Amino acid sequence: MDNREFDKRVRELMEGHLEMPDSGLWDSIATSLAQRKRARVLYMRRALLGTAAVAASLALIFFLDSGESTLPSQKAVIENLAQEIATTPEIAVTESETAHSSTTAAKAVRGESVISSDKIHIKDGNKELTAQVLPEQKGEERVVAVHQENRESAKETAKEPIKVSAQESVKEPIKVSVQESVKEPAKKAEDKSYLFENSYNRRSHRRGSTLLAVSTNISPSTASNSVSLMGLSQAQSGYIVSNVVSTIQKAYVPQEVISNTKFLMPISLGVQAQLPLNGRLSVATGLNYTLLFSHYDAISRDETRETQQTLHYIGVPVNLYYNLFNKESLRVYISTGVAAEKGLYADYKVFESGVRRTYGQSIEGLQWSVNGGFGVEFQVNNSAGLYFDPSVAYYFDNNQPLSIRSSQPLQFKFELGFRFRL
Amino acid sequence: MITSKREFLDEKELLRACVKQDPRAQRTLYELYSPKMLTVCLRYVGDKERARDILHDGFITVFEKIESYNGTGSFEGWLRRIFVNTALMSLRKGDVLKFSDELSDVGRELSVESTVLGKISSQELMKLISQMPAGFRAVFNMYAIEGYSHQEIAKEFNISEGSSRSQLSRARVWLQERLEDIR
């Protein structure tokens, strides 16, 4: 027999041969398919939530930051000087600006402040002020020409002459010299804070400012029967299902069933307001929404049942923060606190022989926990800071539905969020 | 028990339902093809437990990639290719594929009698193939049973075509010797 003939005979024999797979293999494949599908859904859901959170945070930062300039501009200088001059009794009126003032009078009458590149028009009661930086003296010595007129005078110049004492005595524009002020050391800081007040206060972590925090929180589990950080890997340990399934499930799960239990990372979203008590100490409270995910695979001789449990909690944490370090853009602190969480709803999805059923029940009682940790906050702009708070929390046994918290009461938490200064 | 695909009018309808991830269609497809595909897996890996794992992984791949079957060529051929690839991947992972150097007796014709293969059952032949060294088995399966060319096999295992021919020749000799023993 030649090689070709030999191969042909072997092929024919093998084509007619069938190996029968064992009966449990399809269940195993169906379970894997369902898990992968849910993992994809979960991944998509998390990705969407994460994207939404980042987008919302960026939008909020942009919103809070818009319209604020941290650098003093020439316009700001003019505005500040004009405001100062408006409060001084001596006011000069320049002849050259008289004509111009009448053109801007209409705007002034409407109560507007009009700023051009080198001029500012301010309406103050019945008075209208026009300030201008003189072009030949824009260096260190800033010269401002200020023009004042009554509103009535803008409307009815002919009827009543302007009654300003300085008008007669001062024909030349008043010279307000910034240079002179800077020369005096005692005034230096005062002027600086005068010009940069907003930016200075916002750049540092103000001790007296109230903070609003938006955060997300994950708690990777180290329990032997939990799921890894990335999701849905198979846990190996076996559990008697009656030990791990809640009352509502016990009605549907036979007693002698062996089950795998898997816990996913808890996820929290929250808002928190932080109020200063003194220079270093602050107290914070807010609202947290937490989701706890668990999977129970019940495998009996005849069937495979998979239960997906989602617990919804809303909680009120109260935390104390103590600043260890607080510099220009970095703050390091420690924190401790207590939290009370109310279970809103326990949601069960049961997959049995390819059929999905959904059940639910309310959760009684409160879940109490204590926590402690430290945190770092980096200020990303004038009004917002990105913070990271690793902490350890202990969850007390308060007769809550079984979850990662009952399996592993001591949990590491990683909180990441933005704090906004109000 | 294998159920027929009567629930679905034809293969196209069954595949369309599988694309929509209909669990009934998936199960029907599994029941139709799992015995054949388990045989393929077992021929490559030679171990029932491992073959079962490959069948599991292969069907997961099938149901996740079924959209990519464009209808050209037989569906069974497409399916078989997935299981062969999954089995080969598993063999590569386990580093069990050992390929010897080229031999000089590549063109040697077998001396086995034509009646010998007619006397043994498919079960006995499967058992013999399962016992082959992994490298022989892989090349023998691909060339003699699946119909791959030496060029394709060489590319698949990153070996020379000469090595592929050598492995095939040695596999045939190995099998012939076992068949002689049975006789």
Side-chain angles (χ1 to χ4, degrees), chain A residues 1-44 231-234 236 260 297 299 301-308 349-358, chain B residues 1-2 21-24 26-27 30-31 34-43 48-49 51-53 55-60 62-64 106-118 120-126 128-129 140-141 143-147 168-169 171-172 175-176 179:
Chain A
M1 185 177 4
D2 65 4
N3 291 342
R4 194 168 295 180
E5 181 66 19
F6 179 80
D7 292 350
K8 189 185 167 193
R9 290 285 177 84
V10 170
R11 189 160 51 242
E12 283 170 356
L13 269 172
M14 284 292 92
E15 286 298 322
H17 182 74
L18 293 176
E19 290 281 338
M20 296 305 293
D22 61 82
S23 58
L25 186 58
W26 168 250
D27 290 336
S28 170
I29 291 170
T31 304
S32 297
L33 287 171
Q35 281 176 346
R36 281 164 176 260
K37 192 176 174 184
R38 278 198 303 285
R40 277 197 296 272
V41 170
L42 204 62
Y43 175 79
M44 289 299 293
L232 293 164
S233 64
Q234 180 73 33
Q236 296 301 319
N260 278 338
D297 294 333
I299 303 158
R301 195 180 304 166
D302 306 317
E303 59 186 348
T304 299
R305 179 181 290 116
E306 197 185 334
T307 305
Q308 186 182 331
K349 289 182 184 131
V350 181
F351 299 85
E352 188 176 12
S353 305
V355 179
R356 180 177 131 168
R357 278 175 282 180
T358 306
Chain B
M1 189 182 74
I2 297 179
Q21 299 184 4
D22 177 351
R24 284 182 310 128
Q26 289 176 331
R27 181 156 194 165
Y30 167 82
E31 287 175 341
S34 59
K36 272 187 184 177
M37 296 307 130
L38 183 60
T39 308
V40 171
C41 299
L42 189 58
R43 269 198 286 113
K48 275 203 168 179
E49 271 305 303
R52 185 187 183 277
D53 291 343
L55 190 73
H56 175 280
D57 294 349
F59 267 110
I60 298 292
V62 166
F63 291 131
E64 286 187 342
V106 166
R108 196 181 89 175
E109 290 295 323
L110 295 171
S111 60
V112 68
E113 288 179 19
S114 58
T115 53
V116 173
L117 276 171
I120 66 164
S121 66
S122 62
Q123 190 67 43
E124 287 172 313
L125 183 59
M126 173 60 92
L128 287 177
I129 291 174
F140 181 76
N141 268 309
Y143 185 92
I145 302 176
E146 309 290 347
L168 177 66
S169 179
R172 282 189 185 126
L175 192 57
Q176 180 192 356
L179 286 169

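Values below: all heavy atoms of this structure, side chains included; hydrogens, waters and symmetry mates excluded. Note that the structure is predicted; figures quoted are calculated from it, not measured.
Residues A:Trp26 and B:Gln26 meet the side-chain proximity criterion, which asks for heavy atoms closer than 4.5 Å. Residues B:Val40 and B:Glu146 form a side-chain contact, since some pair of their non-hydrogen atoms from C-beta on lies under 4.5 Å apart. Looking at B:Arg172 and B:Phe140, their side chains come closer than 4.5 Å, going by heavy atoms from C-beta outward. A:Pro21 places a side-chain heavy atom less than 4.5 Å from the side chain of B:Tyr30. You'll find the side chain of B:His56 reaches within 4.5 Å of the side chain of A:Leu25, heavy atoms only.
Heavy atoms closer than 4.5 Å to chain B are found in the side chain of A:Glu15, but not in its backbone. For chain A, the nearby part of B:Leu42 is the side chain; its heavy atoms alone come within less than 4.5 Å. Interface residue B:Glu64: only side-chain heavy atoms are found under 4.5 Å from chain A. Residue contact with chain B, scored on non-hydrogen atoms closer than 4.5 Å, involves the side chain of A:Lys37 exclusively. For B:Leu168, no part sits under 4.5 Å from any heavy atom of chain A, backbone or side chain.
Ranked by heavy-atom pairs under 4.5 Å with chain B, the list A:Met14, A:His17, A:Lys8, A:Glu12 is led by A:His17.
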